[in-house]
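Convention: sequence-line order gives letters A, B, ...; per-chain numbering from 1.
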2 protein chains.
Amino acid sequence: MPHTIGFQCADHSRCKTTSLAQAEAHCASRGLRLTPVRRRTLEILLAEHRALGAYDVLAHLADAGMGSQPPVAYRALDFLVKAGLAHKIEALNAYTACMHPGHDHTPAFLICRGCQTVAETDTTLANGRLGAAARGAGFVIEHTVVEATGLCPACTEERA
Amino acid sequence: MPHTIGFQCADHSRCKTTSLAQAEAHCASRGLRLTPVRRRTLEILLAEHRALGAYDVLAHLADAGMGSQPPVAYRALDFLVKAGLAHKIEALNAYTACMHPGHDHTPAFLICRGCQTVAETDTTLANGRLGAAARGAGFVIEHTVVEATGLCPACTEERA
DNA sequence: CAGCTATTGATATGTTATAACATTCTGTTT
DNA sequence: AAACAGAATGTTATAACATATCAATAGCTG
């Protein structure tokens, strides 16, 4: 597994390579097609531990000569999200690469408002109070969004 | 306190009245001005246990002759959110009235994709795994978004 | 009532997302 | 190899969500 907390990513080029290789394997084993646009989109997301807006992604795709209209980016992002290779950060209306694809997980995010870094971790929400409330109410949870915004260690220090 | 789970709201007119009275008291005690537009916006949100988009709210405000341009709705919603009288549902880009204003809380939501009902409950996220991950990484959480989508009891049954 | 601040009104624009339909690509059957 | 079916992409247009900016007004304070 790559690192769990993006704020502590020491060797990002290794992190990118690993994630991309995992994505390849993940798609191959499921008969999903990681086409050039999709692969490039994932690379764009993997470039940094940040969330990118669809239009940021689109601009990068356009730079690479791979389509310049919104649906191109949205379709690629939708594919990656459905395939579990990326996540949408609802609080930012933006997208980020998954840091451990394949591991069936309930992702949770720490979002730094100082440097926009996004770190992915896990939660066991269904076992906590929300899960209990849901079961108590007879509510069937299908998807969860867990995001915390604040300041990462570096940004906290900078403002001290 | 009104009810905690919207799916189980039996007497909604009472629920509305109570929440509005709480809001009045809340603002009075803090020197916040619950102006006509703001009060009406809250009433609009309280009308149902659903999240409304800003433009839905705006349409209702316009019906009431209270402004028809987007900033009117967004300003009123921002006020309510900052005052703790409403919440933004990030997964829907929509807004819902707070069900227990004044109780300093970390809200969490159950969102039914069948009937769009939104139920507010609480989490103790900071004590759970995400909180632990944040502390471990030296991340200072300022705000959290916890939202679960799925099916409420009524909608689950309907599809059975 | 003069001056300050908060609020509202109004115009314009920026940002995020999708509907709809045409075209091309990929693999499969014949 | 030709015909076909389905997936993916290209393209146009538009819908939905949100904010910057400046002008006008209301409410409070000295």
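Look at CG on L80(A): it is 12 Å from P on dA8(D), rounded to the nearest Å. The distance from atom CG of L34(B) to atom P of dT8(C) is 10 Å, rounded to the nearest whole Å. For the pair R40(A) CZ and dA8(D) P, the interatomic distance rounds to 20 Å; values are reported in whole Å. Straight-line distance from the CG atom of D56(B) to the P atom of dC17(D): 7 Å, rounded to whole Å. L32(A) has its CG atom 12 Å from the P atom of dA7(D), to the nearest Å. To the nearest angstrom, P of dG9(C) lies 11 Å from CG of L58(B). Regarding D78(A), its CG atom lies at a distance of 10 Å from the P atom of dA19(C), rounded to whole Å. Rounded to whole Å, atom P of dA18(D) lies 9 Å from atom OH of Y55(B).
The residue among A54(A) and G67(B) whose nearest nucleotide of DNA chain C lies closer to the 5′ end is G67(B). Residue-to-nucleotide proximity on DNA chain C shows that, of Q69(B) and L92(A), the 5′-proximal contact is made by Q69(B).
Separating the OG1 atom in T41(B) from the CG atom in L46(B) is a distance of 11.0 Å, to the nearest 0.5 Å.
When distances run from any side-chain atom of P70(A) to the nucleotides dT9(D), dA17(C), dA18(D), the shortest one goes to dA17(C). With dA8(D), dT7(C), dA18(D) as the choices, the nucleotide that has an atom nearest any side-chain atom of R33(A) turns out to be dA8(D).
Between K88(A) and V81(A), the shortest heavy-atom contact is N-CG2, 4.3 Å. Nearest heavy-atom pair, C155(A) versus L151(A), reported as atom, atom and distance to 0.1 Å: CB-CD2, 3.9 Å.
Checked by atom type and distance alone, the side chain of E147(B) pairs as donor or acceptor with a backbone atom of E90(B) at under 3.5 Å. Listed for the Q116(B) side chain is a donor-acceptor partner under 3.5 Å among the backbone atoms of R113(B).
Contacts of R75(A) with the nucleic acid, taken as non-hydrogen atoms under 4.0 Å apart, include base atoms. Y95(A) comes within 4.0 angstrom of sugar-phosphate atoms only, judged by non-hydrogen atoms across all strands, and of no base.
OP1 or OP2 of dA18(D) sits under 4.0 Å from a side-chain N or O of N93(B). Contact between the side-chain N/O atoms of Y74(B) and the OP1/OP2 oxygens of dA16(D) is not found at any separation under 4.0 Å. Residue K88(B) places no side-chain N or O under 4.0 Å from the OP1 or OP2 atom of dC17(D). For dT7(C), the OP1/OP2 oxygens have a side-chain nitrogen or oxygen of R38(B) closer than 4.0 Å. Here T35(A) does not reach the OP1 or OP2 of dA7(D): none of its side-chain N or O atoms lies under 4.0 Å away.
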